Number of protein chains: 2
Amino acid sequence: MSKRTEKTIVDIAEELNLSVSTVSRALNDHPNISAKTKEKVKKMARKMGYRPNTMAAGLRNNKSKTIGLVVPRISMFFPATISTVIQNKLQEHGYNLLICQSNDSYEQEIALADTLYSARVDALAVSTTLYTTDFSHFDVFIENNIPLVFFDRVPKDYNVKVIKGDDYLGGLTVTKHLIERGCKDIVHISGPLTCNLYIERVAGYKSALQQHKIPFKKSRIFYHELTRENALQTCEKIFAQQPYPDGIFAANDTTAITILEYCRKIKLRVPEDIKIAGYSNDPRTEIITPSITSVDQYPALMGEKVAAALLELLQQSKPVQQKYNEEIIPIKLIARASTEGPVVKVRGKKK
Amino acid sequence: MSKRTEKTIVDIAEELNLSVSTVSRALNDHPNISAKTKEKVKKMARKMGYRPNTMAAGLRNNKSKTIGLVVPRISMFFPATISTVIQNKLQEHGYNLLICQSNDSYEQEIALADTLYSARVDALAVSTTLYTTDFSHFDVFIENNIPLVFFDRVPKDYNVKVIKGDDYLGGLTVTKHLIERGCKDIVHISGPLTCNLYIERVAGYKSALQQHKIPFKKSRIFYHELTRENALQTCEKIFAQQPYPDGIFAANDTTAITILEYCRKIKLRVPEDIKIAGYSNDPRTEIITPSITSVDQYPALMGEKVAAALLELLQQSKPVQQKYNEEIIPIKLIARASTEGPVVKVRGKKK
DNA sequence: ATTTATAGTGCAAACGTTTGCAATTTTCGG
DNA sequence: CCGAAAATTGCAAACGTTTGCACTATAAAT
């Protein structure tokens with residue numbers, strides 16, 4: 001009764017008195033098929049409103065023409081930009097992107113790895129949650145030679161392709177910048193140390209202090225998820241007692257912005273009384289007054305590298321045993337009003 | 001040679017001396033299977049590292065457990081927020097999301113509709129390009145009873161479910177607000193009229209003028225894609241000659257921000273000399289100085305409605321002929337510093 | 001013990017493609 | 001016009017599931 005409207009290559013074959021194999025090959029531009037037949041078949045396919053069934057083809061070929069992407073959150077500036085670029089690039093090459101968000105939940109990440117494997121994605125790109133330190137849920141991809149690329153938030157000691165920013169250099173550069181602009185007591189607000197980003201930025205921060213012979217104080221560093229709420233709480237702590245710090249290096253921009261607003265509220269002048277720097281070069285940092293110094297991580301470039309890495313792995317005919325292989329995207333300090341001030345000649349190693 | 005590591009239900013069946021059908025049913029918790037067998041099968045599946053093949057199941061069932069999403073750009077604030085919500089909601093219900101961006105290209109949109117149909121998505125949600133006025137590339141979804149939902153940028157006279165903001169009311173409200181704050185010569189910067197959003201916002205703008213007996217001047221309205229570059233060009237035109245307008249209603253926030261910066265540059269004071277309002281309540285509008293009046297469109301709510309609509313359509317067992325059916329998400333004026341000023345008693349219809 | 005209902009399991013076809021190989025047709029040199 | 005090579009086309013199996021129907025045990029009723 002219900003008229004089946006879905007046309008298949010079988011229908012085309014019948015209509016033209018050809019075999020299904022010929023039709024299939026004609027549609028795929030197989031060299032063995034004569035130009036005449038190809039024309040005829042394609043025309044009929046168009047006429048009948050034929051749409052290939054990707055699932056059927058995928059089942060047969062064990063290829064889905066689909067790539068998985070797992071990020072903490074697609075609406076945050078940095079991953080959003082990266083995802084955009086990846087998606088456009090892969091779309092160009094005929095791949096679809098299954099974009100999933102872990103919401104920074106380790107359990108969700110595991111579940112997603114599972115679903116994406118079941119969907120038989122041809123490759124997978126991942127930026128992990130803040131708390132992922134065990135990566136075994138991705139083992140199945142490696143075992144089955146499915147291209148796997150990590151970016152931004154990445155594993156250590158896991159045999160995969162990794163594309164990351166230079167977070168150590170970033171932390172170092174920002175902190176040195178603050179020191180050169182006269183800061184002597186710099187607070188660092190970091191994310192949790194389960195994530196490579198923060199480990200490295202903290203390391204950079206410490207190195208900068210050391211290079212300039214500024215003692216590192218444990219009480220001047222805070223670790224928590226970098227949300228607005230947490231930032232406010234930390235502000236309360238920082239400004240509960242004197243002396244106030246004269247510089248704050250926040251490991252993301254939301255935090256930097258929150259601090260700036262807090263300082264405004266308690267009548268601290270930025271940058272005169274206190275200097276503030278963020279990380280990631282979120283568009284808001286440029287627009288706020290005073291504009292906030294931050295670090296450009298070239299998200300578009302990172303997205304392109306990820307896409308390129310995926311495509312390269314995909315076209316390797318022979319499955320090749322992956323080794324840990326990291327590619328580092330440069331960073332660039334974007335100095336803005338929030339850290340302005342006379343450049344100070346600092347003690348310590350010459351720049 | 002190459003050890004096949006992919007386990008299938010056939011392997012499980014052999015291992016347990018059961019038939020494939022029993023294994024399949026056991027894994028799917030079919031009522032006819034005894035608890036004992038289910039336990040046994042699931043345990044073995046786990047042990048053997050079995051992963052269901054979604055494509056095979058999809059082929060058999062004609063269901064992919066995948067939903068398509070087409071938006072102009074995933075990195076823009078408004079669609080990004082909506083996508084996030086949709087993705088999370090659908091993920092909860094076991095659906096994957098194929099997110100695609102048209103980049104506001106009509107051709108790309110057509111191509112995407114095609115691919116997503118071929119991927120046999122179980123449903124499709126779309127926010128069209130600025131230039132889509134012919135929607136026939138989506139016909140195939142309707143013909144095959146595949147749930148189809150449009151949101152934000154939506155068609156008219158096309159028999160589908162539509163979820164949209166109240167753009168007429170938005171345009172009206174913003175313009176009235178400007179008038180009440182004393183503006184008498186208001187420029188409107190609109191997107192192209194091929195898109196419902198702008199048609200309606202313009203209509204709202206005109207209504208407000210009319211209600212307050214302010215003559216509408218064609219020269220005070222500009223139409224173009226709302227990018228930063230275009231906004232700058234328009235600024236050049238607007239401020240090329242006196243008299244300057246005393247109010248500007250930009251149909252998006254990027255434009256409003258650009259104008260604000262331009263005014264700053266030419267030493268016009270906002271809001272004293274000129275008032276500015278945007279649209280969409282982009283996070284930047286809150287942060288810039290002066291903060292910019294804008295319109296909250298409740299993107300999270302819209303995302304939820306879209307997801308809910310998709311899920312509802314998906315669980316209708318009987319394919320039901322869709323009719324045009326629109327759901328309107330409210331808007332809310334967020335008045336900020338950029339339009340501050342004494343509230344003026346205006347002529348015309350009482351508020 | 002015999003019949004009847006019930007619960008559990010198995011058989012085999014089907015979903016729409018692709019592809020190795022076999023079969024057929026065409027082309028063409030001699 | 002013959003035969004062989006080259007160019008086309010067709011056959012049938014395979015990909016991994018699900019499911020209608022048939023079948024076999026087991027339990028219950030007589």
Side-chain angles (χ1 to χ4, degrees), chain A residues 2 4-42 44-45 48-66 94 115 117-122 144 317, chain B residues 2 4-42 44-45 48-66 115 117-122 144:
Chain A
S2 75
R4 264 191 3 127
T5 93
E6 298 260 19
K7 298 298 181 191
T8 73
I9 54 172
V10 179
D11 299 321
I12 301 180
E14 277 171 4
E15 200 71 28
L16 292 172
N17 278 315
L18 283 172
S19 71
V20 273
S21 28
T22 304
V23 173
S24 169
R25 281 191 263 250
L27 290 171
N28 291 316
D29 273 323
H30 191 284
N32 282 7
I33 301 293
S34 70
K36 245 184 306 181
T37 323
K38 281 184 189 171
E39 225 14 82
K40 207 169 46 174
V41 170
K42 288 181 184 171
M44 179 57 77
M48 299 177 67
Y50 166 76
R51 311 293 182 115
N53 184 321
T54 314
M55 282 191 296
L59 175 58
R60 171 60 222 240
N61 296 333
N62 206 22
K63 295 220 169 335
S64 60
K65 277 288 173 183
T66 295
T115 341
Y117 182 82
S118 277
R120 294 299 189 272
V121 291
D122 292 344
N144 290 285
S317 38
Chain B
S2 74
R4 266 192 2 129
T5 93
E6 300 259 18
K7 299 298 179 189
T8 72
I9 54 171
V10 179
D11 299 321
I12 301 180
E14 277 170 5
E15 200 70 28
L16 292 172
N17 277 316
L18 284 172
S19 70
V20 270
S21 27
T22 303
V23 173
S24 170
R25 283 190 261 250
L27 290 172
N28 291 315
D29 273 323
H30 190 284
N32 281 7
I33 302 292
S34 71
K36 245 183 306 180
T37 322
K38 282 183 188 171
E39 224 14 82
K40 207 169 48 174
V41 170
K42 288 182 183 171
M44 179 57 78
M48 298 174 69
Y50 166 76
R51 309 294 180 115
N53 185 322
T54 314
M55 283 190 296
L59 175 58
R60 171 60 221 240
N61 298 333
N62 206 23
K63 294 219 171 334
S64 60
K65 276 290 175 183
T66 295
T115 343
Y117 182 81
S118 278
R120 296 297 188 273
V121 291
D122 292 344
N144 290 286

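Residue numbers start from 1 in every chain, and the chains themselves are labelled A, B, ... in the order their sequence lines are given, proteins ahead of strands. Remember, predicted model here, so these are calculated numbers, not experimental data.
For the residue pair B:Glu6 and B:Asp11, the shortest heavy atom distance occurs at O-OD2, 3.8 Å. The nearest pair of heavy atoms linking A:Ile9 to A:Ser24 is CD1-CB, 4.1 Å.
In this model, no side-chain donor or acceptor of A:Ser19 finds a partner on the base of D:dC11 within 3.5 Å. A donor N or O paired with an acceptor N or O is found under 3.5 Å between the base of C:dG10 and the side-chain atoms of B:Arg25.
Between A:Ser21 and C:dT19 there is no side-chain polar atom (N or O) within less than 4.0 angstrom of OP1 or OP2.
Summarising the geometry, atom NE2 belonging to B:His30 is positioned 13.0 Å from atom OG1 belonging to B:Thr37; distances are rounded to the nearest 0.5 Å. B:Lys38 NZ to B:Asn32 CG: the interatomic distance, rounded to the nearest 0.5 Å, is 9.0 Å.
Side-chain proximity of A:Arg60 to the nucleotides D:dG16, C:dT19, D:dT9 is greatest for C:dT19. Relative to the side chain of B:Ile9, the nucleotides D:dT18, C:dT17, D:dG16 differ in distance, and D:dT18 lies closest.
Residue A:Lys40 contributes atom NZ, which lies 11 Å from atom C1' of D:dT9 at whole-angstrom precision. If you measure from atom CG of A:Asn28 to atom P of C:dG16, you get 17 Å, rounded to the nearest angstrom. B:Lys63 places its NZ atom 13 Å from the P atom of C:dG16, with the value rounded to the nearest Å. With rounding to whole Å, B:Asp29 atom CG is found 15 Å from D:dT18 atom C1'. One atom, CG of A:Asn144, and another, C1' of D:dG16, lie 15 Å apart when rounded to the nearest Å. Summarising the geometry, the separation between CG on A:Leu16 and C1' on D:dG10 is reported as 15 Å, rounded to the nearest angstrom. Distance B:His30 NE2 to D:dC21 P: 13 Å, rounded to the nearest Å. Per the geometry, NZ belonging to A:Lys7 stands 14 Å off P belonging to C:dC15, to the nearest Å.
For A:Ser118, the side chain to side chain donor-acceptor pair (under 3.5 Å) test picks out no residue, with sequence neighbours left out. Looking at residues two or more places apart in sequence or on another chain, you find no side chain to side chain donor-acceptor pair (under 3.5 Å) involving B:Arg25. Annotation: side chain to side chain donor-acceptor pair (under 3.5 Å) contacts of A:Lys42 (sequence neighbours excluded): A:Asp29. Partners of A:Asp122 under the side chain to side chain donor-acceptor pair (under 3.5 Å) rule, at least two apart in sequence or in another chain, are A:Ser64.
Residues in residues 48-63 of chain B take part in these side-chain hydrogen bond (donor to acceptor under 3.5 Å, both in side chains) pairs, two or more places apart or across chains: A:Asp114-B:Arg51.
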Show the atom names and distances, to 0.1 Å, of all donor-acceptor pairs under 3.5 Å that link a side chain in residues 16-23 of chain B to residues at least two apart or in another chain.
from    : atom 1 : to      : atom 2 : distance (Å)
B:Ser19 : OG     : B:Ser21 : OG     : 3.0
B:Ser19 : OG     : B:Thr22 : N      : 3.3
B:Ser19 : OG     : B:Thr22 : OG1    : 3.0

Pull out every protein N or O sitting under 3.5 Å from an N or O of nucleotides 4-8 of chain D, one pair per line with the distance.
none

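Summary of the strand contacts: B:Thr22 and B:Asn62 both lie near DNA chain C, and taking for each the nucleotide with the nearest heavy atom, the more 5' one is attributed to B:Thr22.
Contacts of A:Arg51 with the nucleic acid, taken as non-hydrogen atoms under 4.0 Å apart, involve only primed sugar atoms and P, OP1 or OP2.
Axis angle, first five pairs versus last five pairs of the helix from C:dA1-D:dT30 to C:dG30-D:dC1: 50°, rounded to 10°.
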